[in-house]
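Letters go in sequence order (proteins before strands), and every chain restarts at 1.
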Amino acid sequence: MAERYDPKEIDEKWQKQWEESGIYQADEDPSRPKYYVVTMYPYPSGDLHVGHWYPITPTDARARFMRMRGFNVLFPMGFDAFGLPAENAAIRNNVHPKIWTYNNIRRMEKQLRMTGASFDWRREIITCDPEYYRWNQWFFLKFYEQGLAYRKFAPVDWCPTCNTTLAREQVLGTERLCERCNTAVIRKDLNQWYFRITDYAEELLDLSSLDWPEHVLTLQRNWIGKSEGAQFAFSVKDTEEKFEVFTTRPDTIFGVTFCVLAPEHPLVERIVTPDRKAEVEAYAFQATRQSEIERLNTEKERTGVFTGAYAVHPFTGEDVPIYVADYVLMGYGTGAIMAVPAHDERDFDFAKRQGVEIRVVIEAPDGEGQALTTPYSGEGKMVNSGAFTGMPSREGKAAVAADLKAKGIGGPAVNYRLRDWLVSRQRMWGTPIPILYCDQCGMVPVPEDQLPVVLPDDVDFKPTGESPLRYHDGFRHTTCPKCGGPAERETDTMDTFVDSSWYTYRYLSPHHDAAPFDVLAGEYWLPVNLYTGGAEHAVMHLLYARFFHKVMRDMGMLNALMAVHPDRVWDEPFPTLFNQGTITSFSYRDPSGRYLPYAEVEFEGEKPVHRDTREPLTEAAEKMSKSKLNVVAPDEYVDRYGADVVRLFLMFIGPWEQGGAWNPRGVEGIVRFLNRAWWLVTEPSEPGANTTGEADPARVRDLQRAVHQTLRKVTGDFERFSYNTAIAALMELSNAMQRAKQTPVVNTPAWQEAVEIFVLMLAPLAPHLAEEMWHRLGQPYSVHQQSWPQWSEELAAEESIEIVVQVNGKLLDRVRVPAYATEAVVREAVMETEKVKKALEGRQLRKFIYVPGRLVNLVIG
RNA sequence: GGGCGAGUGGUGAAAUGGCAGACACGGCGGACUUAAAAUCCGCUGCCGAGAGGCAUGUGGGUUCGAGUCCCACCUCGCCCACCA
């Protein structure tokens, strides 16, 4: 009779059964409310580790909970299958990235099934499949048609020896050397494709309809980085040349004593005076060799050189010297600034070094900064500013901007930190950009009916550092669809963020061949009700996906959907986002900083030491990564304890949004809990228990109360993803039931109800165990198709409550009163207790505070 | 330099402004066992023999009452970082 809980057998049995009966397959069903939940799809790196389980299994618990609450739940899964690691593996092993990727996917699919997640596998998408990336190309063409995709010159890292561009990770060290030939890398302008995301900057800044974590909203806001001010043109003295500057402080314009151009600014070579040319060029060359990171290092001395040229101040007509300095970035604003050393720290430092005049034009309220030892960058009264003198700087900003407009050289302006999205990658393992270059017709988009442009299977993986597509004649050379003449294909591929910008739509109809997604499916399922994933995607992916969604809306792709469901959110792809924390594990390093595999670590008491050398090691909880040798494979745990133990343990570590460290010691607690739950449900009674005779009605009531209170608590906890406290509540109930099981209560209907509700509550968390227990209770398949039970407030209610008695806020005593006791009754009960009488002796009760059902505070003077 | 978080037992943590430490891990003691494992029971914030006192990073404040709200500071973490 007593049969042990054998998770291995149970997991396999039910996973197979679920698959065969298709209970997680979700189809459009207008008679039921829908719930579309997506967790960010993984990159098929090879093996699923517990870090992957962390977003997946609690999201699955959510999917199962919502299913039990009557929703038609769609929970799909797929693979973000293009990307650099596959290509590196290809170069290493001379095997096509496709083979490497698909092998990994096959393995990871199995591992994903092992989690017990309720995925609808019919909807799996793999982004490197032509059936998928065809639609990346389709989107590209649509963007191109609308002017949202364009090509322009942009600086890239270039190795002059290898004659090729390098990816950022191929440039080594602060010396910025090519990883293959150790030549110093230079900046070079190349033709690159961009998506015009800046067109949507203002709308992307509107986050008001999003139920997202506050810090993600802040990141999005900061990334877009809107600033308001003025933009205007300076004329270069004695030439026809002009250059634009952007400033957030037009009110300081009378303090301009020089201008600065970024080293890459195209005007530099045109205005530099012959005597300065050599120095300026040397400086610009030096500056462009440095990475952005180095240039942005604030510790660095602020360097720069004078061009010999002067700009004309738009208000005073004075000569303003023009410098080149690397503290001005080509990538922000206009790549040129007006410098106001009295009121900007950077300009101040530079002016001090260069001996440029510092002119105070804003008077600080407290006189700060007037001594010219420090710049004053706050607001104040404008001084020494011509007609504007005496004006508060706040008003001055608008007034100066308006004046610039009146002069016809500029005006008020808004500037964004957000740049257009560079989508070109000089890589092979990505979506080919569907553009041709014809000698006769120029740039020609591939006609829609010729999509997809398929990646060739027979490419040569020599480590040239360039896309192998460039050397694949069959791919590169083709004919022009316009004139029939010879044409070349674009050999760059798309950023993989393009793939992930719309995959949640593709899940709806993964094999639809007339459009990216079937409108009828979209009409039912969209938008995504819940999107879960890591904070590492808080900016790029989520911003790009929002951008894509808005473009799709503006293309009219959502019109039919919006017409049918005007009540839903249509301006955003993911109205609700949950960001789970990071799961870490311990890594060990020897004194030289080298990471050690667990096999080489031993413990002397609490102290980790090296197995052989006995050297002391440092222990740190870090994000799992192959390089840190701290990746925890779930396999061993799944094998020994079952998937449910791993699921529960991950959810029990702490709040889901917080993450935590994987510490195998703690697993035992969950193992014990599930084993106890197993015995509790499957064994009729404990040996030696006294279960004969009539059940005490009070004990029966206690059990019912515990069950219904737990149900109320667990339901609330599930709603707010508080799985750790839900599990704690289930543990408490299990302990209470354990005690009731030793008594005749076990023979009552209340016990039966308790067991059933307990199993139902466990189902979203531990789906295999719950299914088996449900089955053994003689209940119909499947527990995952049952309705979530409803608690009874009446049964959950307490009959008597304990009132805490405080004196001046400090705990004195507790009194038990009936749950329905009025304040008068409570007061009487409290005032009669010995401790209160004693406390009141010779003192005066100034105030009686009663918090209904909770406590009494006696304020005594 | 800026922004956002977070500081509670030996550990992971819990606590709509109302009994701080639920639930677990670990530890200690006990039962069962020839023994061990497993299981079960009890104890386990600190000081104190006890009564009791002290405790949520530090210092202030608001409140009848603060882990929770406000201000300042310290420490740690993450993100952004010459953004004009």
Exercise for review: Look at the side chain of A:Arg665 and decide which nucleotide, out of B:G3, B:C79, B:C25, has an atom nearest to it.
Suggested key: B:C25
Study note, to complete from the structure: When rounded to whole Å, the CG to C1' distance for the pair A:Asn222 and B:C4 reads 9 Å
Check your understanding: Between B:A84, B:C23, B:C80, which nucleotide gets closest to the side-chain atoms of A:Arg346?
Key -> B:A84
Review point. Closer than 4.0 Å, any side-chain N/O of A:Asn724 to the OP1 or OP2 of B:A14?
Key: yes
Review point. Are a donor atom and an acceptor atom from the side chains of A:Tyr723 and A:Thr57 found within less than 3.5 Å of each other?
Key: no
Check your understanding: Between A:Arg816 and A:Ser800, do the side chains contain an N or O donor and an N or O acceptor separated by less than 3.5 Å?
Key -> yes
**Study point:** Nucleotide nearest A:Glu732 (side chain, heavy atoms from C-beta), chosen from B:G3, B:C19, B:C23
**Key:** B:C23
Review point. What is the ring orientation for A:Phe578 with A:Phe721, classed by angle as parallel under 30°, tilted 30 to 60°, or perpendicular over 60°?
Key: tilted
Revision key, fill the gap. A:Leu811 has its side chain closest, among B:A13, B:C19, B:C23, to B:C19
Check your understanding: Where the side chain of A:Arg417 is defined as all heavy atoms beyond and including C-beta, which of B:A81, B:A13, B:G26 is the nearest nucleotide?
Key -> B:A81
Review point. Looking at B:C54, B:A14, B:A84, which one has an atom nearest to any side-chain atom of A:Thr725?
Key: B:A14
Practice item. Using the C1' atom on both, measure B:G59 against B:A14 and round to a whole Å. Key: 27 Å
Review point. Side chain of A:Gln658: nearest nucleotide among B:C25, B:C19, B:A13?
Key: B:A13
Practice item. Look at the side chain of A:Lys847 and decide which nucleotide, out of B:A14, B:G12, B:C64, has an atom nearest to it. Key: B:C64
Practice item. Could you check which of B:A13, B:A24, B:G18 has an atom nearest any side-chain atom of A:Met731? Key: B:A24
Practice item. Counting heavy atoms from C-beta on, name the nucleotide in B:A14, B:G18, B:A24 closest to the side chain of A:Arg676. Key: B:A24
